[in-house]
Amino acid sequence: MLSGTMKKSRKIVIKIGSNILSNEDGTINHDFIEQLCEQISFLIEKGKQIAIVTSGAMIAGISRTNKWSRKEDMNYKQALCAIGQVELMAAYSNHFSKHGIYIGQLLLTREDFYDEIRTLNIRNTLFTLVDEGIIPIINENDTVSVEQIKIGDNDTLSAYSASLWNADLLILLSDIDGVYDKNPKCYEDAKLLEKIEDIDSILKEIEIGECNTFGTGGIATKIEAAKIVNNYGIPMILANGKTENILMKLCNNETKATIFLGNEK
Ligand code: ADP
């Protein structure tokens with residue numbers, strides 16, 4: 001099932017969660033980014049078109065400055081994101097350039113998806129970058145995103161981006177193998193749900209636990225993201241980015257994950 005979906009999907013949006021981008025001590029996990037870029041460049045060689053939605057700007061900011069990690073004020077959080085965004089893009093740029101691939105940065109807000117002219121512009125930029133072999137890397141524009149206009153989590157942002165780009169597949173990489181009947185971090189006997197077709201009934205059956213230190217949305221926003229893309233007939237896979245070579249393993253059916261199947265395109 002997983003490999004079949006991977007094979008037939010040409011346009012893929014991959015969302016990278018904060019927890020897999022950071023080490024235990026809160027610094028950026030460069031080995032992970034290096035491996036991820038290697039896997040993505042392999043997928044591109046095989047004819048896939050990829051857009052990335054990446055979290056981790058704040059962690060990268062803390063990692064860079066080594067201060068303000070405990071500040072709760074919005075202006076400091078935004079300042080950390082502004083610093084970290086550059087660091088994060090530099091890391092992606094360095095690792096992708098080893099494979100001869102350039103990246104382009106798109107910083108978006110909720111309003112951008114509600115305005116017809118803006119969505120048209122985003123779509124045109126996405127198509128142009130991808131057609132020219134450049135990987136778009138999308139994140140929320142934290143500098144202008146105060147509460148009222150915030151998307152708030154990159155799961156939703158990645159779902160909006162996948163829909164707007166008419167992607168064939170959305171992959172969310174987090175630090176768990178998929179959706180479980182209860183939080184796998186708290187319960188050893190939690191069971192993985194490998195295939196979800198009816199999201200609403202699943203929501204009644206599972207227990208939604210807390211997310212991690214650096215996570216923003218938790219499992220609830222991941223399920224909401226699936227709902228958004230499934231509505232457009234786009235399937236979504238939630239998989240573990242901490243598993244070595246996870247994208248290759250998804251292609252070869254060598255790993256477990258959760259696939260949300262909407263009415264496929
Ligand atoms: P990311 O930073 O990758 O977006 P989050 O921390 O926001 O990740 O969300 C993933 C976390 O959600 C998991 O690490 C897990 O602890 C938690 N979680 C809570 N309930 C569940 C559940 N029913 N199934 C899977 N994960 C769950």
Side-chain angles (χ1 to χ4, degrees), residues 1-20 39 43 48 50-53 55 151-212 215-243 245-265:
M1 172 67 73
L2 291 171
S3 80
T5 304
M6 290 295 288
K7 274 194 192 108
K8 69 179 179 206
S9 304
R10 180 153 185 257
K11 294 163 72 178
I12 306 175
V13 174
I14 303 174
K15 181 255 170 177
I16 323 293
S18 328
N19 289 306
I20 49 171
Q39 294 178 71
L43 290 179
K48 308 284 185 203
I50 308 285
I52 295 175
V53 175
S55 303
I151 296 171
D153 68 273
N154 275 348
D155 299 322
T156 310
L157 175 63
S158 66
Y160 287 169
S161 306
S163 314
L164 186 131
W165 185 42
N166 290 338
D168 301 314
L169 173 66
L170 170 62
I171 301 175
L172 304 188
L173 292 182
S174 185
D175 65 345
I176 28 133
D177 286 345
V179 178
Y180 288 77
D181 59 347
K182 49 195 170 186
N183 192 348
K185 296 273 173 70
C186 307
Y187 300 94
E188 262 179 35
D189 64 340
K191 283 188 201 65
L192 178 69
L193 308 173
E194 293 186 46
K195 190 167 125 188
I196 297 178
E197 273 164 317
D198 182 354
I199 296 178
D200 288 326
S201 63
I202 283 296
L203 276 172
K204 290 182 201 135
E205 285 164 30
I206 66 164
E207 205 179 290
I208 292 180
E210 298 263 303
C211 66
N212 303 294
T216 38
I219 204 71
T221 53
K222 290 172 186 43
I223 296 173
E224 279 307 311
K227 244 183 175 176
I228 296 170
V229 292
N230 278 185
N231 257 337
Y232 288 88
I234 305 168
M236 186 186 105
I237 293 174
L238 172 58
N240 198 334
K242 291 203 161 165
T243 302
N245 279 327
I246 182 65
L247 296 172
M248 302 302 104
K249 286 186 176 146
L250 288 172
C251 290
N252 301 326
N253 259 343
E254 288 167 354
T255 186
K256 289 198 164 165
T258 298
I259 182 159
F260 294 80
L261 294 162
N263 305 314
E264 290 189 57
K265 283 199 279 190

**Complete:** Closest non-hydrogen atoms of Gly178 and Thr258, given as atom of the first, atom of the second and distance, are CA-OG1, 3.3 Å

**Prompt:** Atom CD1 of Ile206 and atom NZ of Lys204: how far apart are they, to the nearest 0.5 Å?
**Reply:** 12.5 Å

**Request:** May I ask you to decide if Ser9's main-chain N or O and Lys48's side chain share a donor-acceptor pair within less than 3.5 Å?
**Result:** yes

**Item:** Where Met1 and Asn253 come nearest, the two heavy atoms and their spacing
**Value:** N-ND2, 3.8 Å

**Prompt:** Would a 4.5 Å heavy-atom cut-off, applied to side chains only, mark Thr255 and Leu250 as touching?
**Reply:** yes

**Message:** I need the minimum non-hydrogen distance between Phe260 and Ile223, along with the two atoms involved.
**Reply:** CZ-CG1, 4.3 Å

**Fill in**
Scanning both residues in full, the closest heavy-atom pair of Lys15 with Lys222 reads NZ-NZ, 4.2 Å

**Item:** Atom pair CE/NZ of Met236 and Lys227 - distance to nearest 0.5 Å
**Value:** 12.5 Å

**Message:** For the NZ atom on Lys191, are there more than 12 heavy atoms of other groups (residues, nucleotides or ligands in this structure) within a distance under 6.0 Å?
**Reply:** no

**Message:** Atom NZ of residue position Lys11 - does it have more than 12 heavy atoms of other residues, nucleotides or ligands inside 6.0 Å?
**Reply:** yes

**Prompt:** Looking at Asp155 and Ala225, what are the two nearest heavy atoms and their distance?
**Reply:** O-CB, 3.5 Å

**Item:** Close side-chain approach of Ile246 to Ile171, heavy-atom, < 4.5 Å
**Value:** no

**Request:** Quick one: closest heavy-atom pair of Ile176 and Pro184, and the distance?
**Result:** CG2-CG, 3.4 Å

